[in-house]
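Input: a single structure, listed below in structure tokens.
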Amino acid sequence: MDNRQTLSMFAQGTNAHRSSRVSSTMTSMNDDHQDLEINGFNNFGQEDLHRQYRSSRLNSLRFLPDNILLAVFSYLTPLDLIHCTHVCHRWHQLVSHHSNLWQRLYLRPDSSNGNSGAVHVRRLDIFLHAIATRFNLSLLYIDLPIELITTEVLRELANRCPNLEYLTLDFSSAMQLHDFSDLNEFPCNLKRLCICLSEVIFLEGFMRRIYSFLSSLHTLHIVGTLEKSSLTSTTAPEETDNYETINISKIKANAPNLRIINLYGVAFVDDNHIEAIASGCIHLECLALNFCTKVIGTSFKNLMNRCRKLTCLLLQNTGIQDEPIMAVNWSTTQLTELDISSTDLNEQALLHFFSSVPNLTYLAVPYCDGFTDEVLDLLITRGVLNTCRALDFSNTVNLSLESVHRFLTSYTNISNRLEALSYTGNVGINEQFWTDAIRFLRRIKILIIGTAHSWFKQVTRRIHIDQILESCAVNCPHLRRLEIQWDPETLRLSENSSKFIDHLRIRCTHLTSFVLSDGPYYEGAKANFERAERHGVVRTITMYQTSIVGALNFYNELRFN
């Protein structure tokens, strides 16, 4: 079976339709050459004819050299590469015989919702053959859905892909596992492993076969089912059984070199698991426990004492309590990045915490009612934020507008350093607040402002959006992501609004995402950018959400799924 058939056997979707469309395009190019040659004698001289013919040859893809085509192919997804193999024999040869094009392979159906280009495997035997002949040495990343997590596939990856670094095993839709009693081989050079848990499947039988191969891991993602359970469960949270479907303690014991651990939404994780991690992961630098609601913080004292390299602690929507946090001597730690979003820490606990914590480069406190004016004043007085690059003060109901305004406009040694800022949810903010503050955000790259659902929160005045855009255009040359959350009923426009959108588009050349509420202003801004061939920049809040997490030092390592 030739390579073309091998690829086409596991291509997803409408391969024939797309290939016919591309083929027709190529045919039309050839027809253009013929039409030019026939009509040329009637309308042009001989010299004009040759000039036009040479120009047409240069505009045809089939006259591009191989290295240029390969450079173009390197930007395509695996699914697009498979479609390219149906265009012509030359493209098929190029795609099939250059394995460096196949460094990442996305095989889960959910991946097709994004820009990754997921490939659907229809026949396992063809896929196994492709691992051996097509991907082999170049494959760096692969994600496997439950139907492909088999002994045969894992054995082929272990034997044929020695450079594989990132493996995702998605058990989330599993109702039962394959038989792994014969699994004696597993990729042994992995740097990152992501395991998506199932609600009902216990993975100990599978994990027992692979523990010995995990010693090279630097990054571990375990994605829980908390969000899925909260959507489907009809019982009260305290009545829901959270099964320990994977043994985190044993993983820790067999992966001593872990630097980054992300336990996202794992409902059964509590402080005992954090104690186990602290006892064996002395190289730990980043611990993310977002949506691990059973973690209350009693393990943090041992964690910070034993993991001396820990600099990033993400605790969004955890159950951390005041007393355990106050029992830790934070002054001896290396902590620089902290997220305590949606936690119940009170003002006293935060004052105690920030009175001893070292300087922070990243701080996120949205929906944290204990974050008050006194806490912000303490941070400023102690100089904790002097080196800060990213701040999120959104929806802090006990933090006054005047304190934030003074912070951004008076302490310019801090605001001039900020690269990411989010301050939303305060109905008292007007355009004057932001035109005053944006003047000092010279290095800002991510900016999130406004109040979503302003009609519900009873905003008393409308916001003049043109002044804010003009201030961004003049003062923020490095701006990459801008989100304005006010709804159309709150925004006030002028007849020259398109001119201010022009200024933002022309001066903020790095802008890749401009998120607005759906409405007339969104449509106008979108049309403005698209006329300048900057498609996909203007987006709607119903589909996109901007965050400051991109400013984390470990952002690339923390990305999963």
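One-based numbering along the sequence shown.
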Cationic N near anionic O, under 4.0 Å, Glu337 to Arg389: yes

If the condition is side-chain contact (heavy atoms from CB on, under 4.5 Å), which residues does Asn184 pass it with, not counting sequence neighbours? Arg209

N/O donor-acceptor pair under 3.5 Å between Asn163 side chain and Leu137 backbone: yes

Around atom CD of Glu147, are there more than 12 heavy atoms from other residues, nucleotides or ligands closer than 6.0 Å? yes

Parallel, tilted or perpendicular: which fits the ring planes of Phe371 and Phe354, with parallel below 30° and perpendicular above 60°? perpendicular

Thr424 and Ser394 side chains, donor-acceptor separation under 3.5 Å: yes

Under-4.0 Å salt bridge between Glu185 and Arg155: yes

Main-chain N/O of Phe135 paired to Ser138 side chain as donor or acceptor, under 3.5 Å: no

Short question: side chain of Ser513, backbone of Val537 - any donor-acceptor pair under 3.5 Å? no

Heavy-atom donor-acceptor pair, Arg382 side chain to Asp377 backbone, under 3.5 Å: no

Would you call Lys250 and Glu204 a salt bridge, taking side-chain N to carboxylate O under 4.0 Å as the test? yes

For the CD1 atom of Ile246 and the OG atom of Ser249, what is their distance to the nearest 0.5 Å? 11.0 Å

Within this structure, what is the CG-OG distance for the pair Leu350 and Ser355, rounded to the nearest 0.5 Å? 10.5 Å

Should the heavy atoms of other residues, nucleotides or ligands under 6.0 Å from CZ of Arg308 be counted, would the total exceed 12? yes

For Ser198 and Ser173, indicate whether the former's side chain and the latter's backbone hold a donor-acceptor pair under 3.5 Å. no

Has the side chain of Asn302 got a donor or acceptor atom that lies under 3.5 Å from a matching backbone atom of Glu275? no

Check Leu81 against Leu101 and note the closest heavy-atom contact, atom names and distance. CD1-O, 3.5 Å

Check: Lys191 and Leu217 side chains under 4.5 Å, non-hydrogen atoms: no

Can you say whether the rings of His221 and Phe560 are parallel (under 30°), tilted (30 to 60°) or perpendicular (over 60°)? tilted

The test is side chain to side chain donor-acceptor pair (under 3.5 Å); show your working for Gln348 and Asp322 and say whether it passes. CA-CA 8 Å; Gln348 182 181 0; Asp322 301 328; over 6 Å; no

Distance col, row Asn553:CG vs Cys312:SG, nearest 0.5 angstrom, shows 8.0 Å

Going by distance alone, is a donor N or O of one side chain under 3.5 Å from an acceptor N or O of the other, for Gln316 and Ser341? no

I want to check something: taking the side chain as every heavy atom from C-beta on, are Tyr106 and Leu79 in contact at a cut-off of under 4.5 Å? no

Compare all side-chain heavy atoms of Glu347 with those of Glu374 and state whether any distance is below 4.5 angstrom. yes

Are Ile414 and Asn386 side-chain neighbours, meaning at least one heavy-atom pair lies under 4.5 Å? yes

Dump the intermediate steps for ring-ring contact (aromatic ring centres under 6.0 Å, His included) on His98 and Phe73, then the final yes or no. CA-CA 10 Å; His98 287 81; Phe73 290 157; 9.2 Å; no

Glu285/Lys309 salt bridge by N-O under 4.0 Å criterion: no

Nearest-0.5 Å distance, OG1 of residue Thr372 to CG of residue Asn346: 10.0 Å

Which class fits the ring pair His478 and His510: parallel under 30°, tilted 30 to 60°, perpendicular over 60°? parallel

Side chain proximity check, Leu315 to Phe300, heavy atoms < 4.5 angstrom: yes

Drop me the distance from Ile448's CD1 to Leu482's CG, to the nearest 0.5 angstrom. 9.5 Å

Can a donor-acceptor pair be found, under 3.5 Å and without considering hydrogens, that links the side chain of Asp143 to the backbone of Leu107? yes

Can you find a side-chain donor-acceptor pair between His273 and Glu244 that sits under 3.5 Å? yes

Taking all non-hydrogen atoms of both residues into account, name the closest pair between Ile251 and Leu220 and its distance. CG2-CD2, 3.7 Å

Backbone of Ile446 reached by a side-chain donor or acceptor of Arg480 within 3.5 Å: no

Main chain of Leu310, side chain of Gln334: is a donor-acceptor contact present, judged purely on distance under 3.5 Å? no

Sorted by chain and number, sequence neighbours left out, side-chain contact (heavy atoms from CB on, under 4.5 Å) with Arg160 holds for Ile131, Ala132, Glu156

Flag the pair Ser172 / Thr225 as yes when at least one side-chain heavy-atom distance between them is below 4.5 Å, and no otherwise. no

Test item: Leu169 and Leu193 side chains (from C-beta on) under 4.5 Å apart, heavy atoms: yes

If you measure from OG1 on Thr546 to CG on Leu447, what distance do you get to the nearest 0.5 Å? 9.5 Å

Does the gap between the ring centers of Phe206 and His178 come in under 6.0 Å? no

Looking at side-chain heavy atoms only, is the closest gap between Leu144 and Thr168 below 4.5 Å? no

Exam field: side chain Asp271 to backbone Thr298, donor-acceptor pair closer than 3.5 Å: yes

Verify whether one side chain among Ser400 and Asp373 offers a donor that lies under 3.5 Å from an acceptor in the other. yes

Regarding Thr77 and Asp80, do their side chains bring together a donor and an acceptor under 3.5 Å, going by distance alone? yes

What orientation do Phe353 and Trp330 show, parallel under 30°, tilted 30 to 60°, or perpendicular over 60°? perpendicular

